**Q** 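To start, I am sharing the structure in question, which I have written as structure tokens.
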Amino acid sequence: MSERPFYVTTPIYYISGNPHLGHAYTSIAADVLTRFYRTRGPAFMLTGTDEHGQKVAQAAAAAGLAPQAWTDGLVGKWKALCARYEVEYDDFIRTTEERHTRAVVEVFERLKKKGDVYLGKYEGWYCTNDETFWLEAKLVDGRCPNPECRREVQWLSEDNWFFALSKYRDRLLAYYKEHPHWVRPERSYNEMVATLEGGLEDLCISRVNLDWGVPLPGGGVMYVWLDALLNYITALEWPDGEKFRTLWPARVQLIGKEIARFHTIIWPAVLWALDLPAPDLIFAHGWMTKDGEKMSKSRGNVMDPFESADRFGADAVRYFLLREAPFGSDFSIGDEKIRLRHNGDLGNDLGNLVRRSLAMLERYRNGLVPQPPDSSDIGERVVDLGERVAQHLMALGFRDALEAIWELVGALNRAIDERKPWELHKAERGVELDAILYDCCEGLRWLAHLLAPFMPSKAAEMWTQLGLDGKPAGDWREELQWGGLAAGTQTRLATEPLFPRIEPDAA
RNA sequence: GGCUCGGUAGCUCAGCGGUAGAGCGGGGGACUCAUAAGCCCUAGGUCGCAGGUUCAAAUCCUGCCCGAGUCACCA
């Protein structure tokens with residue numbers, strides 16, 4: 001649609017603990033999109049860590065470390081998570097980096113100068129133990145509502161900086177009406193419209209009782225959420241960076257549904273206050289539950305993304321996460337579910353297809369790709385497959401894209417059964433044998449291209465087994481022409497299956 | 001309590017105004033190139049409950065029941 005490079009962001013992950021599978025989910029989705037868009041042109045993916053705020057300060061204190069030392073120690077795990085799942089980000093920003101904090105102060109100064117940031121009083125009930133402000137309505141018997149606290153609260157009144165969010169309410173509402181698809185899925189869009197219709201209050205954007213954050217002129221630190229949101233432009237070297245000029249506004253910003261309010265109300269308002277355009281699309285994906293239950297530390301059912309990758313392979317987990325449910329919906333995850341999809345979709349359907357195809361080619365034709373047939377039913381049936389998958393991906397329909405790709409997997413498996421190459425071989429019907437063998441290899445080449453964004457390593461393995469150099473790359477509109485695989489190519493069937501069967505209850 | 005989203009075949013879900021669908025599991029069959037994989041056939045489920053609108057409702061409206069999420073400075 002646009003020649004503008006594709007810029008996609010994940011939320012920056014709050015670094016108060018270890019990463020879990022939910023964090024991987026967003027990053028993987030962003031990576032798949034980025035890899036797809038890279039087949040067509042320039043693309044840029046940003047991720048990172050949100051390192052300020054009270055909880056980080058507390059976690060660090062509990063560990064006996066200074067906040068910076070604490071986050072320095074943890075950030076490696078988040079980068080390792082990306083590495084483990086083959087998430088190839090173009091930049092990884094930490095909110096404690098100077099390039100970020102400097103720009104955050106610049107934002108503050110500009111908004112202040114413009115009058116969208118002003119000094120006001122922040123009043124409310126404060127629990128010293130929890131370091132939290134509570135609404136009057138939330139108090140239980142006039143005490144802290146936290147069941148583990150229940151201490152007396154005190155009325156606190158502080159001078160703080162406010163952002164004139166309410167001023168942007170009408171503009172936001174109008175923008176929503178004019179851009180009915182800018183927040184997706186529709187559920188999130190509707191909720192945010194309802195929130196806007198309920199009215200907005202100005203946002204307190206400073207904290208005087210906290211020192212772990214971006215220091216503001218005159219004291220206090222910036223509210224961590226505003227600090228965090230700004231990463232999407234500070235990483236691009238706003239205001240003057242070349243990257244900022246070419247990449248902003250982002251084409252897609254992926255978020256979890258729980259943080260939609262910040263990204264679809266506060267964020268565009270802040271951008272407008274800076275005279276910048278809002279991103280094209282905010283997509284709030286669903287939450288995953290562990291076997292139907294919410295994942296939480298207290299339940300002890302949080303899935304360790306590193307363990308999952310070790311057991312099933314990073315590509316299989318990537319596949320599962322995007323295949324299991326529509327991107328906007330909640331879904332349930334568990335080892336057994338991943339295992340069944342691994343063995344079924346990946347092992348039986350895809351992996352076995354690779355193996356039976358190349359094994360027959362090896363046995364009947366010494367592994368040499370034969371001449372393409374004059375015409376191919378399968379080739380004709382899938383002419384538009386690449387474009388269909390592309391359309392799904394552009395709409396963030398990962399599940400639909402994978403289902404479409406599996407149409408080709410199914411078609412090839414069926415074709416083998418129907419055309420029975422083993423009989424053709426015995427009957428010495430060479431032309432027909434060549435035709436089915438060619439179709440299989442060519443189909444595998446297509447699959448390698450189509451699957452590369454989803455399962456980069458496995459797609460590359462398929463590519464190698466087909467005897468092709470490098471990795472699948474390039475624009476599908478050019479690469480996916482039936483007959484593209486050169487006759488005479490020497491294929492190399494691997495000894496090991498692409499997706500070796502995984503037995504139940506393996507640890 | 002308000003709001004949002006769900007409640008459809010054993011399981012996971014799609015359909016969202018016009019004769020109930022898919023995948024998995026289960027059952028049956030023909031084959032053998034292949035990871036005991038693949039292929040073909042097979043599921044007769046009051047579409048949460050009760051009303052209503054309509055020629056016609058899983059599909060729209062109302063009420064209720066059940067489950068989940070969310071409720072503004074909680075990063």
Side-chain angles (χ1 to χ4, degrees), chain A residues 11-16 50-57 95 122 124 127 130-135 137-138 145-146 160 162-163 165 185-188 190-192 194-195 198-207 210 212-213 223-229 257-262 265-266 286-287 289 292-294 323-326 328-332 337 340-341 343-364 399-400 403 406 409-410 412-425 436-437 440 493 496-502:
Chain A
I12 48 174
Y13 302 110
Y14 199 60
I15 197 165
S16 62
D50 182 5
E51 306 192 357
H52 288 133
Q54 197 168 62
K55 288 192 176 175
V56 169
T95 54
Y122 183 21
C127 172
D130 287 4
E131 298 187 54
T132 305
F133 279 98
W134 298 102
L135 289 176
K138 292 243 178 182
N146 177 354
N160 265 311
F162 284 78
F163 171 63
L165 182 61
E186 200 175 357
R187 182 182 312 136
S188 295
N190 291 338
E191 279 189 30
M192 292 308 127
T195 302
L200 291 178
E201 289 175 21
D202 287 351
L203 183 72
C204 179
I205 59 159
S206 60
R207 292 291 183 275
L210 180 68
W212 181 234
Y223 172 42
V224 66
W225 250 113
L226 182 54
D227 168 9
L229 285 167
K257 63 178 183 179
E258 78 288 359
I259 55 176
R261 218 180 76 83
F262 298 93
I265 293 179
I266 298 172
W287 264 147
T289 58
E293 287 192 321
K294 184 174 178 175
R323 172 60 241 272
E324 185 68 5
S329 304
D330 292 355
F331 65 103
S332 164
K337 287 189 169 212
L340 290 173
R341 276 217 184 274
N343 287 352
D345 297 0
L346 297 178
N348 296 347
D349 293 348
L350 175 63
N352 185 232
L353 171 66
V354 172
R355 196 167 191 74
R356 67 197 301 213
S357 300
L358 296 184
M360 285 189 287
L361 186 67
E362 200 155 280
R363 179 182 299 196
Y364 305 141
R399 200 260 225 108
D400 294 336
E403 282 187 348
W406 251 253
V409 175
L412 292 169
N413 273 323
R414 236 168 288 128
I416 293 173
D417 282 287
E418 284 164 8
R419 287 150 76 177
K420 303 179 173 54
W422 49 95
E423 287 186 6
L424 296 174
H425 176 252
I436 177 63
L437 292 176
C440 286
L493 174 61
E496 282 302 303
L498 197 56
F499 298 98
R501 185 173 194 79
I502 296 171

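As the structure is a computational prediction, the values presented were derived from the model and not from experiment. Reminder, nothing fancy here: chain letters follow the sequence lines and each chain counts from 1.
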**Q** Name the pairing partner of B/rG10, where a pair is Watson-Crick or G-U wobble with both distances under 3.5 Å, or state none.
**A** B/rC24

**Q** Looking only at side-chain N and O atoms, does A/R501 come under 4.0 Å of OP1 or OP2 in B/rA37?
**A** yes

**Q** In terms of base orientation, is B/rA58 syn or anti, with the syn window spanning 90° either side of 0?
**A**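 Classified syn.
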
**Q** Give one of base, sugar-phosphate or nothing for A/R399, where a contact means two heavy atoms less than 4.0 Å apart.
**A**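 If one applies the 4.0 Å heavy-atom cut-off, A/R399 turns out to touch the sugar-phosphate alone, with no base involved.
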
**Q** Distance check, P atoms only: B/rU62 and B/rG23, in whole angstrom units.
**A**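 Result for the P pair: 36 Å, nearest Å.
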
**Q** With rounding to whole Å, what would you report as the distance between B/rA72 and B/rC47 at their C1' atoms?
**A** 38 Å

**Q** Describe the nucleic acid contact of A/D330 in one word from base, sugar-phosphate, nothing, applying a heavy-atom distance below 4.0 Å.
**A**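 If one applies the 4.0 Å heavy-atom cut-off, A/D330 turns out to touch nothing in the nucleic acid.
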
**Q** When the C1' atoms of B/rG6 and B/rA34 are compared, how many Å lie between them, rounded to an integer?
**A** 42 Å

**Q** If you round to the nearest 0.5 Å, how far is CG of A/L203 from CD1 of A/I266?
**A** 4.5 Å

**Q** Using both distances under 3.5 Å as the test, list the Watson-Crick or G-U wobble partner of B/rA68, or none.
**A** B/rU4

**Q** When the C1' atoms of B/rU12 and B/rG25 are compared, how many Å lie between them, rounded to an integer?
**A**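 Looking at atom C1' only, B/rG25 and B/rU12 are 11 Å apart.
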
**Q** Over all strands shown, is A/L498 touching base, sugar-phosphate only, or nothing at heavy-atom distances under 4.0 angstrom?
**A** base

**Q** Counting any heavy atom closer than 4.0 Å, what does A/R414 reach on the DNA or RNA strands: base, sugar-phosphate only, or nothing?
**A**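 The answer is sugar-phosphate, as A/R414 gets under 4.0 Å only of primed atoms, P, OP1 or OP2.
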
**Q** Base, sugar-phosphate, or nothing: which does A/F331 touch, judged by heavy atoms less than 4.0 Å apart?
**A**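 Answer is nothing: A/F331 stays at 4.0 Å or more from every strand.
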
**Q** Decide yes or no, distance alone: a donor-acceptor N/O pair under 3.5 angstrom between the base of B/rG38 and the side-chain of A/N352.
**A** no

**Q** What does A/D50 touch in the nucleic acid at a heavy-atom separation under 4.0 angstrom: a base, only the sugar-phosphate, or nothing?
**A** base

**Q** Scan A/I259 against the nucleic acid and name what it touches under 4.0 Å (heavy atoms): base, sugar-phosphate only, or nothing.
**A** base

**Q** Rounded to whole angstrom, note down the P distance from B/rA57 over to B/rU19.
**A** 12 Å

**Q** Scan every strand shown for a Watson-Crick or G-U wobble partner of B/rA50, both distances under 3.5 Å, and answer none if you come up empty.
**A**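 Base-paired to B/rU62.
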
**Q** For A/R363 and B/rA34, is the shortest distance between a side-chain N/O and OP1 or OP2 below 4.0 Å?
**A** yes

**Q** Could you tell me the separation between the CE atom of A/M360 and the P atom of B/rC33, rounded to a whole number of Å?
**A**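 From A/M360 CE to B/rC33 P: 9 Å.
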
**Q** Roughly how many Å apart are B/rC66 and B/rG38, using the C1' atom of each and rounding to a whole number?
**A** 42 Å

